[in-house]
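Heavy-atom basis, side chains included; hydrogens, waters and symmetry copies ignored. Naming convention: chains lettered A, B, ... in sequence-line order (proteins, then strands); numbering from 1 in each chain. Quick caveat: nothing in here was measured; it's all calculated off a predicted structure.
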Amino acid sequence: MTTTPRYRFAPSPTGFFHVGGARTALYNWALTLREGGTFVLRIEDTDESRNEPQWTQGIIDALAWLGINNDHPQFEGPYFQSANAQAHIDAAMKLFAEGKAYFCDLTGEQVQERAKASGKPGYDGFSRDRGLEAGPGRVLRFRVPAGETVVHDLVRGEVKFDNATIEDFVLLRGNGSPMFLLANVVDDQIMNITHVVRAEEHLPNTPKQQMIWNALNVAPPTWAHVPVLVNEQRKKLSKRRDKVAVEQYREEGILPESMVNYLMTLGWAPAGDTEIVPWQHIVDTFRLEDVNHSPAFFDIQKLQAFNGEYIRKMPLEVFIAECEPFLTGETMPWPAGNFKQDIFRGMAELVQTRVTALTEVPAMIDFFFLDEPAIDDASWAKATKDEWASAVLSETQTAYATAEWNHDSLKAVIEQVGEKHGLKLGKVQAPIRVAITGRTVGPPLFESLELLGRETTLARLAAASQRLAK
RNA sequence: GGCCCCAUCGUCUAGUGGCCUAGGACACCACCCUCUCAAGGUGGCGGCACGGGUUCGAAUCCCGUUGGGGCUGCCA
């Protein structure tokens, strides 16, 4: 009889959802999907001092955004670790009854003092044979057996630990509440978890947990410890120091497809010469055995490059629809109500190749919807510094008053103006562009003018001439 | 300090003893294209940490050194 694999992702709700956590979740999810298993989401909320309910919802929302949600029959949860507290305590007491754990009345400070005095770090097993019963303030410690613990890890291979180097760790706090090491194991047993795929920082915990599994007479799961994600200093990504919130990347216009694809390439690569591959391809080919052993730098620049590619790959209609939330609403740079969908539609294709995040779209087309273009001083100075600028502006204005209003002819007009002054199109267009858009860079000018319309164009050219005359 | 993990271009990686004169991607540079900016195209820069083995042959296996990281909590 073969049991279907059961993977799990067990975050603790102590802050925004971390990109490292997202990658771990994705690894589990990909494996679940390919193997026809189950993905269990379990919120590890046993640290009452740090948990906040809103973070739980944040995790669920962020996972859903990445495509991990209960629309899929293979998704199970969320469960809450706190709901199993009694089972954790029962398991602990079973270990105590069997002599596999014992109570200790030393406080944390006392443990430290003893360690300092003896010169050996950690707990020294002071209460091992004192036969203490449960009581207020007494912690339950696991009696680490002599010998060696060998962890079989799908990405690391065999990792051996000398039990003598592992202290008798705490199972139950002085107030009776279960600790992570225990709760985590008991929950995995209750939920029939077969594969524990998590970040490498948990590797030192694994021999301890494996001993708990054995002490509880249950065969441990298959372990896999994937490398951590690091910052440019090659330190583990931290919520305090680094930009790690999945939510934030979402707000900044990163597409879930890009995030998913990029995260999967940290520590692993699809076969062949392309990294941008469909999720289904990843599901079909991802293997833990192929995961790299060393930490990976989370490179925002590369994430953005992925995102740019995903944006460009979108069918135009999809792009237009996806931009919608970023173009309407209070925070837009233009007066409410000024946005015109048909103008954006006309520009969309030209905008699409020029952004790496959807949040960049408004700035690309703001001049259409602003009553006056927002003139950037540096751009203005650069584009109008030549003595011919004034003449170009006024001559263009005159010609545009009667020109045929389509981008080809608008372009031809400027070419003629340029020719008169011995200037190439690249040069002459500069003052016009600044007059109309406020900047020296932006989407193609003549298509923009066509959509802007004659009236506004002439008004802006006139305004620019006036400004230049001052 | 102790335990554990890791080590290919700046970064992410391919590589599982001969296919490696080490491949791709991001970034960077140049050129082409071009109304600006992009996109696209072409090319360039740039790496097996070091030292010993093993082997006919090593980026690939072994040992050591060095360097990095994680853990070392009545957090998870």
Side-chain angles (χ1 to χ4, degrees), chain A residues 10-14 44-47 49-51 81 104 106-108 111-112 119-123 137-141 151 153 155-156 159-162 164-167 169-177 179-181 183-184 199-207 225 227-228 230 232-236 262 265-276 290 292-299 301-306 308-309 312 350-356 364 379 383 407 410-411 414-415 418 424-430 432-434 437 439-447:
Chain A
S12 62
T14 57
E44 307 233 320
D45 54 351
T46 49
D47 180 1
S49 59
R50 290 198 302 165
N51 291 332
Q81 185 155 71
C104 175
L106 254 36
T107 63
V111 170
Q112 278 188 13
K120 288 185 191 165
Y123 178 69
R138 292 182 180 175
V139 299
L140 183 70
R141 287 186 178 269
V151 171
D153 189 291
V155 343
R156 316 257 151 207
V159 187
K160 292 179 182 154
F161 298 85
D162 181 352
T165 65
I166 301 172
E167 66 176 23
F169 50 91
V170 174
L171 261 16
L172 252 32
R173 297 187 181 92
N175 65 7
S177 66
M179 294 259 310
F180 157 78
L181 252 14
N184 194 256
E200 194 195 348
E201 65 209 61
H202 286 292
L203 190 51
N205 290 328
T206 309
H225 289 88
V228 295
V230 298
E232 44 278 88
Q233 280 81 242
R234 303 214 69 82
K235 300 258 192 259
K236 194 174 72 159
Y262 176 63
T265 65
L266 256 24
W268 177 81
D273 281 344
T274 40
E275 300 176 297
I276 308 265
D290 296 332
N292 249 10
H293 295 185
S294 40
F297 169 55
F298 184 80
D299 186 354
Q301 209 169 20
K302 190 155 180 179
L303 203 213
Q304 284 165 340
F306 269 51
E309 268 210 49
R312 277 172 254 125
L350 301 171
V351 170
Q352 193 175 4
T353 56
R354 288 173 170 76
V355 294
T356 56
M364 196 68 66
S379 297
H407 62 268
L410 293 171
K411 180 181 176 186
I414 304 288
E415 277 171 336
K424 292 214 168 126
L425 187 53
K427 275 259 180 204
V428 249
Q429 59 91 39
I432 315 293
R433 180 181 290 279
V434 175
T437 73
R439 288 182 293 268
T440 50
V441 299
L445 182 58
F446 305 108
E447 282 80 355

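Distances shown here put every side-chain N or O of A:R433 at or beyond 4.0 Å from the OP1 or OP2 atom of B:rC37. The shortest distance between the side-chain N/O atoms of A:R141 and the OP1/OP2 oxygens of B:rG73 is not below 4.0 Å. Taking 4.0 angstrom as the limit, A:K411 places a side-chain polar atom (N or O) nearer than this to OP1 or OP2 of B:rC35. At the phosphate of B:rU72, neither OP1 nor OP2 sits under 4.0 Å from any side-chain N or O atom of A:N205.
The side chain of A:R312 lies closest to B:rA39 when the candidates are B:rA27, B:rC4, B:rA39. Candidate nucleotides B:rU36, B:rC12, B:rC3 were compared by shortest atom distance to the side chain of A:F161, and B:rC3 ranks first. Between B:rU8, B:rC71, B:rC12, one nucleotide has an atom nearer to the side chain of A:R234 than all others, and that is B:rC12. Each of B:rA27, B:rU13, B:rU11 was ranked by its minimum atom distance to the side chain of A:D299; first place goes to B:rU11. Of the candidates B:rC12, B:rC35, B:rA76, the closest approach to any side-chain atom of A:Q429 belongs to B:rC35. With distances taken from any side-chain atom of A:E44 to the nucleotides B:rA76, B:rC5, B:rC37, the minimum falls on B:rA76. Checking B:rC74, B:rU13, B:rC71 against every side-chain atom of A:M179, the shortest atom distance belongs to B:rC74. Nearest to the side chain of A:H202, among B:rC12, B:rA76, B:rC3, sits B:rA76. The nucleotide whose nearest atom lies closest to any side-chain atom of A:L203 is, among B:rC6, B:rC5, B:rC12, B:rC5. In the set B:rC12, B:rU8, B:rA38, the nucleotide with an atom closest to the side chain of A:S294 is B:rU8.
Looking at heavy-atom distances under 4.0 Å, A:F306 makes no contact with the nucleic acid at all. Contacts of A:G122 with the nucleic acid, taken as non-hydrogen atoms under 4.0 Å apart, are absent. Counting any heavy atom pair closer than 4.0 Å across all strands shown, A:L445 reaches a base atom. Using a 4.0 Å heavy-atom criterion, one finds that A:G308 contacts no nucleic acid atom at all. Using a 4.0 Å heavy-atom distance criterion, A:P443 is classed as a base contact. Nucleic acid contact for A:V159: sugar-phosphate only, since backbone atoms but no base atoms lie under 4.0 Å from a heavy atom of the residue. Residue contacts shown for A:T440 include a base, since a base heavy atom lies under 4.0 Å away. Using a 4.0 Å heavy-atom cutoff across all strands shown, A:A305 reaches sugar-phosphate atoms only and no base atom. Contact annotation for A:T14: no contact, since no heavy-atom pair falls under 4.0 Å across all strands. As judged by a 4.0 angstrom heavy-atom cut-off over every strand, A:L140 is placed among residues making no nucleic acid contact. Across all strands shown, A:K235 has heavy atoms under 4.0 Å from sugar-phosphate atoms exclusively, and none from any base. Note on A:F297: only backbone sugar-phosphate atoms sit closer than 4.0 angstrom, heavy atoms only; bases stay farther off. Using a 4.0 Å heavy-atom criterion, one finds that A:S12 contacts the sugar-phosphate atoms exclusively. Using a 4.0 Å heavy-atom cutoff across all strands shown, A:K424 reaches no nucleic acid atom at all.
Rounded to a whole Å, the CZ atom of A:R173 is 8 Å from the C1' atom of B:rC75. When the P atom of B:rC26 is taken as reference, atom CD of A:Q304 falls 14 Å away, rounded to whole Å. Atoms CD (A:E167) and P (B:rG1) sit 19 Å apart, rounded to a whole Å. B:rC26 atom C1' lies 13 Å from atom CZ of A:F298, rounded to whole Å. Across the protein-nucleic acid pair, A:H225 atom NE2 and B:rC3 atom P stand 20 Å apart, rounded to whole Å.
Within the shown strands, B:rA30 is the pairing partner of B:rU42 under the Watson-Crick or G-U definition, both distances less than 3.5 Å. If you check B:rU11 for Watson-Crick or wobble pairing at under 3.5 angstrom, you find it paired to B:rA25. The partner of B:rA59, taking Watson-Crick or G-U wobble pairs whose two distances both stay under 3.5 Å, does not exist in any strand shown. Across every strand in view, B:rU16 sits unpaired, with no contact that passes the Watson-Crick or G-U test at under 3.5 angstrom. The partner of B:rC71 is B:rG2, judged by Watson-Crick or G-U wobble contacts that both fall below 3.5 Å.
Side-chain contact between A:R433 and A:R439 is absent, with no heavy atoms from C-beta onward closer than 4.5 Å.
For B:rU36, its base sits under 3.5 Å from the side chain of A:R354 at one donor and acceptor pair at least. Residue A:R156 places no side-chain atom within donor-acceptor reach of the base of B:rC5, judged by atom type and a 3.5 Å distance cut-off alone. Applying the 3.5 Å distance criterion, the base of B:rA27 shares no donor-acceptor pair with the side chain of A:K302. For A:D273 and B:rA25, a side-chain-to-base donor-acceptor distance below 3.5 Å is absent, hydrogens and geometry of angles not being considered. Remark: the A:E447 side chain and the B:rC35 base include a donor-acceptor N/O pair separated by less than 3.5 Å. Under 3.5 Å, the side chain of A:E275 and the base of B:rG24 form at least one donor-acceptor pair of N or O atoms.
A cation-pi arrangement, defined by a distance under 6.0 Å to the six-membered ring centre and an angle within 45 degrees of its axis, is absent between A:R234 and A:F297.
A distance-only check finds no donor-acceptor pair linking the side chain of A:T437 to the backbone of A:V434 [under 3.5 Å]. Between the side chain of A:N175 and the main chain of A:S177, a donor-acceptor pair closer than 3.5 Å is present.
Scored by the side-chain contact (heavy atoms from CB on, under 4.5 Å) test, A:E447 finds A:L350, A:H407, A:P444 as partners (sequence neighbours excluded).
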